[in-house]
Amino acid sequence: MDPPITFSTSLMNNKFLRLLFLVALVSCTSSSSLIFSFYETSCPNAEFMVRNTVRSASDSDPTVPGKLLRLLFHDCMVEGCDGSVLLEGNATERSDPANASLGGFSVIESAKRWLELFCPETVSCADILALAARDAVEYAGGPSMEIPTGRRDGRSSLASNVRDNIVDTSFTMDEMIKLFSSKGLSIDDLVVLSGAHTIGLAHCSAFSDRFEDSNGRLVPVDDSLDKTYAAELAKQCPLGANGAITINNDPETSSLFDNHYYKNLVSHKGLFQSDSVLFADKRTRRRVAELAGNEESFLGSWGDSFLKLASLEVKTGEEGEIRRTCSLING
């Protein structure tokens, strides 16, 4: 693996040099080169149409940004960013129980319909998903950023590939580091990308392992979990709760893409075990504390780590296809 590229803070403040840095990151993390403004000639309004679709959907449903961001994670971590999570059918990634709670599919399909109307068989579903996740973050108050495009859609999607390639909410730090490292992502990327949990929702089952039944009452298994917060969670997700009940990942600013997620970790209010270990483990504690105290640092770091995620094992050139419908491979 190539050694990491580093630049001084003063250089990174220069927008032109920052762009060069992002280009270098793409060349190091993708199987083939993606290109900024890839659709400039073939479909010049592509990014505009995706952005408008995301904004319209988010205006109607404030949970959309979190759903789109999570959808990209589950696509890119499994066989790369090729839109394979969007495919329907038996034994596809989408059919796996670990992906049962994913949402945002209708937003991607809506954008695709518009693009097929104006630029048929030109813009890939993989690019639409990457752009939509980027725009979702911006809509929620996160950084505005450029990302390269040119991804092609995969023609394969297997449920058997899912479990070994996504983070389970009960993962230990070692398990998360091993998984991220296998994707070429660093420990710092792990900490920064976990900040995606600053928006979005979770079902009660996603953190039920942090509680146990004590004479018909839920009590926290982990003593490090803030007692008041634990009591709130137990009240919102009592024993036998409806499986459709959801909880805000961030109890304070659930619709804003900010650094409050890290403040929650420092206050022992991480919703998932995989969140809490980021502050408990000495390898990441200092970085979590830094991001909790400096929102600018988080937002500045987000762009670089997001770009690495969105460039994982992409298909380009003659690989894959450009689907006409995101949920189906071309016949």
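Along the sequence shown, residues are numbered consecutively beginning with 1. The shown structure was predicted, so the numbers you read here are calculated from the model rather than taken from an experiment.
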Contacts table for residues 233-246: side-chain donor-acceptor under 3.5 angstrom, sequence neighbours left out:
unit_1, atom_1, unit_2, atom_2, d
Gln236, NE2, Glu232, O, 3.4
Asn242, OD1, Ala244, N, 2.7

Pairwise side-chain contact, [X] with [Y], heavy-atom cut-off 4.5 Å (strictly under):
X	Y	value
Arg323	Asn330	yes
Phe105	Leu71	yes
Arg113	Ser110	yes
Ser33	Thr316	no
Phe180	Met77	yes
Leu115	Thr122	no
Leu102	Arg94	no
Ile147	Phe306	yes

For [X] and [Y], indicate whether the former's side chain and the latter's backbone hold a donor-acceptor pair under 3.5 Å.
X	Y	value
Asp189	Ser186	yes
Ser311	Leu307	yes
Tyr261	Asn249	no
Ser124	Arg151	yes
Thr284	Leu278	yes
Glu116	Glu121	yes
Thr198	Asp258	yes
Arg210	Leu271	yes
Ser182	Leu179	yes
Ser95	Asn90	no

Are [X] and [Y] connected in the hydrophobic side-chain network, where two residues link if heavy atoms are under 4.5 Å apart?
X	Y	value
Ile187	Phe298	yes
Leu291	Met145	yes
Ile199	Phe73	yes
Leu201	Leu72	no
Ile35	Ile128	yes

Is it the case that atom CZ in Arg283 sees more than 12 heavy atoms from other parts of the structure closer than 6.0 Å?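 Buried by this count: over 12 neighbours within 6.0 Å.
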Please list, chain by chain and in numerical order, all residues satisfying side chain to side chain contact (heavy atoms under 4.5 Å, CB included) with [X], sequence neighbours excluded.
X	answer
Leu328	none
Arg152	Lys315, Ile322
Pro44	none
Ser101	Arg70, His203

For [X], what residues pass the side chain to side chain donor-acceptor pair (under 3.5 Å) criterion, not counting sequence neighbours?
X	result
Glu79	none
Asn264	Asp250
Tyr39	Asp127

Show me the pairs that pass disulfide (SG to SG under 2.5 Å) and involve residues 280-331, at least two apart or across chains.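 Qualifying pairs: Cys125-Cys326.
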Is a side-chain donor-acceptor pair under 3.5 Å present for Ser170 with Asp168?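 There is such a pair between these side chains.
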Does a side-chain N-to-carboxylate-O contact under 4.0 Å join Glu290 and Arg287?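 Salt bridge between Glu290 and Arg287, a charged N being under 4.0 Å from a carboxylate O: yes.
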Could you go through Lys263 and Ser267, starting from their C-alpha distance and side-chain angles, then the distance that decides it, and tell me whether this counts as side chain to side chain donor-acceptor pair (under 3.5 Å)? CA-CA 6 Å; Lys263 294 180 180 180; Ser267 299; over 6 Å; no
Solution key, residues 51-58 side-chain donor-acceptor pairs under 3.5 Å, sequence neighbours excluded:
unit_1, atom_1, unit_2, atom_2, d
Thr53, OG1, Met49, O, 2.8
Ser58, OG, Val54, O, 2.8

For Trp114 and Phe118, take the angle between the two ring planes, folded into 0 to 90°, and tell me which bin it lands in: parallel under 30, tilted 30 to 60, perpendicular over 60.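 Geometry flag for Phe118 against Trp114: parallel rings.
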What orientation do Phe257 and Trp302 show, parallel under 30°, tilted 30 to 60°, or perpendicular over 60°?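 The arrangement is perpendicular - the two ring planes meet at more than 60°.
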Using a 4.5 Å cut-off between side-chain heavy atoms of Ile, Leu, Val, Met, Phe, Trp and Tyr, which other residues end up in the same hydrophobic cluster as Ile329?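 Noted: Ile329 shares its cluster with Leu87.
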When clusters are formed from ILVMFWY side-chain contacts under 4.5 Å, directly or step by step, what else is grouped with Tyr139?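 Tyr139 clusters with nothing; isolated.
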